[in-house]
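Data first, discussion second: the structure below is written as structure tokens.
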Number of protein chains: 2
Amino acid sequence: MQLEEAKEKFIQAWGALGSNWGINRTMAQVHALLLISPNSLSAQEVMDALNISRGNANMNLRALIDWGLVSKEHKAGDRKEYFFAEKDIWQVAQQVIIERRKRELKPVLKILEDLKTMEGDQKDEEVKAFVESVENIHNIVGQADKFLEIAIKADRNWFFGALIKMFSRKSKQE
Amino acid sequence: MQLEEAKEKFIQAWGALGSNWGINRTMAQVHALLLISPNSLSAQEVMDALNISRGNANMNLRALIDWGLVSKEHKAGDRKEYFFAEKDIWQVAQQVIIERRKRELKPVLKILEDLKTMEGDQKDEEVKAFVESVENIHNIVGQADKFLEIAIKADRNWFFGALIKMFSRKSKQE
DNA sequence: TTGTATTTTCAATCATTTTTGAAATACCTT
DNA sequence: AAGGTATTTCAAAAATGATTGAAAATACAA
């Protein structure tokens, strides 16, 4: 397999992964392209590499900047903007967690909290069962949220060290 | 807020959550409906509750069964099938992890492994940089995969206990 | 077996999301 | 300020994904 072919494969895989997780496929592809690009790219270069229109490239580059995954720079004597991605993959993961937590986890937690407290008539069995369900779900989503909060504050080495410890203790237990 | 209104809110929220994470919105809504339903429901009842067609209900119920989140039963003297969801939310989470790992994480890992090994010409600086990028990504995705593997084997109490310990150690460190 | 209730399938339709491309805007440089 | 890039916007078009509904298949009971 040649380099170009491998890059293409990587971009496709990253795009599919994003798509499966509710991220615009093209946005993920642009991200992939910049992740493996040794130097920063102009909008035109992104358009050419992925065969997408100027508008599309612009929208997705801006979205990536919004997500904190991509930045732009200017080159001396050149009017164009050049884009590059954060390469440290642990930082990328943290940034993705930060954004998804903010955009999708927090709103759900808020709704679950509302639902938990709203219903006063605890005598009704059906109400009781519903509130209990919601409490259980809120509980586990809250735990996941706390865990992710640790992850985004954690140093990579500490974090994986802690996970490995967790794993080894588990093994002993079995 | 009345019970019916609260249920409706919950179903909408669960549907939106699924949709944001690449799960068919209706499938997530059907799941939500069954999660908070005290008794099992026929296809007809699901159709009526969510205002969806028979075909749609059938497809999504079958998908949920496929995911291991819903089962069906028969009632004496009734020809219809009745559907009910696994209520233990930790089990639900584990099942979701199992499926997404199988469907989406494993294939990506496979591709990353292929890309890592495929390129022999290590003298070329560009090739070297690419392989290094891929290795880093493979590394972190692999770690995530291992962690999820622990989660799906773990007892709920042990798992959250371990997370809390992790958290408290982190706090001391700071 | 026959008739009836129920489930499944899937081509056609509908809805949503994504993309395009050209006009408008912003940005430089002189 | 003018002239030439480059970027942004957004209505319309295209592509994709979801839903319908009716026909076919299946399951059951008598």
Side-chain angles (χ1 to χ4, degrees), chain A residues 11-12 14-34 39-67 70-84 100 103-104, chain B residues 11-12 14-34 39-67 70-84 100 103-104:
Chain A
I11 291 169
Q12 293 309 322
W14 208 242
L17 181 65
S19 183
N20 277 331
W21 291 84
I23 304 288
N24 179 296
R25 169 178 257 107
T26 302
M27 174 171 153
Q29 287 178 341
V30 173
H31 186 225
L33 175 66
L34 293 176
N39 36 25
S40 57
L41 301 181
S42 68
Q44 186 64 53
E45 288 170 312
V46 171
M47 289 162 61
D48 294 344
L50 302 178
N51 272 294
I52 59 176
S53 70
R54 181 169 301 283
N56 198 2
N58 183 266
M59 297 243 266
N60 284 301
L61 283 165
R62 294 212 318 127
L64 284 165
I65 290 172
D66 238 46
W67 276 67
V70 164
S71 311
K72 48 186 175 176
E73 64 176 355
H74 286 273
K75 289 189 178 174
D78 192 335
R79 199 179 275 188
K80 286 196 287 295
E81 293 175 324
Y82 287 81
F83 302 87
F84 61 98
R100 299 215 77 156
R103 291 163 198 245
E104 289 136 20
Chain B
I11 290 169
Q12 293 309 320
W14 208 242
L17 181 65
S19 182
N20 277 330
W21 290 85
I23 303 288
N24 179 297
R25 170 178 257 109
T26 303
M27 173 170 154
Q29 287 179 342
V30 174
H31 185 224
L33 175 66
L34 293 175
N39 36 27
S40 56
L41 301 181
S42 68
Q44 186 63 53
E45 288 170 312
V46 172
M47 289 163 61
D48 293 344
L50 302 177
N51 271 295
I52 58 176
S53 70
R54 181 168 302 282
N56 198 3
N58 182 267
M59 298 244 267
N60 283 302
L61 283 166
R62 293 212 319 128
L64 284 164
I65 291 171
D66 238 47
W67 275 68
V70 164
S71 312
K72 48 185 175 178
E73 63 176 356
H74 285 271
K75 289 189 177 173
D78 194 336
R79 200 179 274 189
K80 286 196 287 294
E81 293 175 325
Y82 287 82
F83 300 88
F84 61 98
R100 299 215 78 156
R103 291 165 197 244
E104 290 134 22

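Computed from a predicted model, the values in this text were never measured in an experiment. Note on naming: letters A, B, ... go to the chains in the order of the sequence lines (proteins, then strands), and numbering restarts at 1 for each one. We use all heavy atoms of the structure for the numbers below, so side chains are in, but hydrogens, waters and symmetry mates are not.
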Reckon A:Q44 touches a base, only the sugar-phosphate, or nothing at all at heavy-atom distances under 4.0 Å? nothing
Does some side-chain heavy atom of A:Y82 sit less than 4.5 Å from a side-chain heavy atom of A:S42? yes
NA contact type, B:R62, heavy-atom cut-off 4.0 Å: base, sugar-phosphate, or nothing? sugar-phosphate
Measure the distance from CZ on A:R54 to P on C:dA22 and round it to the nearest whole Å. 12 Å
Return the nearest nucleotide to the side chain of B:M59; candidates are C:dT19, C:dT8, C:dC10. C:dC10
Atom CG of B:L61 and atom P of C:dT6 are separated, to the nearest Å, by 16 Å
Please report the distance, rounded to the nearest Å, between CG in B:N56 and C1' in C:dA15. 13 Å
If you define the side chain from C-beta out and look only at heavy atoms, does anything of B:L50 sit under 4.5 Å from B:I11? yes
The residue, B:N60 or A:K80, whose nearest nucleotide of DNA chain D is more 5′ is A:K80
Which residue lies more 5' along DNA chain C, comparing A:G55 with B:F83 via nearest heavy atoms: B:F83
Between atom CD1 in A:I23 and atom P in C:dT18, what is the gap in whole Å? 10 Å
Tell me whether the side-chain N or O atoms of B:R79 pair up with the base of C:dT4 as donor and acceptor below 3.5 Å, since no angle test is needed here. yes
Give the rounded distance in Å between these two atoms: CG of B:N58 and P of C:dA5. 19 Å
How many whole angstroms separate atom CE of A:M27 from atom C1' of C:dT18? 14 Å
Nearest whole Å is fine: how far is C:dA26 P from A:E81 CD? 14 Å
Can you find a pair of side-chain heavy atoms, one from B:D48 and one from B:Q44, that are under 4.5 Å apart? yes
Side chains of A:I52 and A:M59: does their closest heavy-atom pair fall under 4.5 Å? no
Indicate, with a heavy-atom threshold strictly under 4.0 Å, whether A:T26 touches base, sugar-phosphate, or nothing. sugar-phosphate
pair B:M47-B:R54: side-chain heavy atoms closer than 4.5 Å: yes
On DNA chain D, compare the nucleotides closest to B:H74 and B:R25; which residue's is nearer the 5' end? B:R25
DNA chain D: first to last nucleotide in contact with chain B (atom under 4.0 angstrom from a heavy atom), 5' to 3', is D:dA18 to D:dA29
How long is the line joining CD of B:E73 and P of C:dT7, in whole Å? 13 Å
When you compare the side chain of A:W67 with that of A:R100, does any pair of heavy atoms fall below 4.5 Å? yes
Using the six-membered ring wherever Trp is involved, compare the ring planes of A:W21 and B:W21 and label them parallel, tilted or perpendicular (cut-offs 30° and 60°). perpendicular
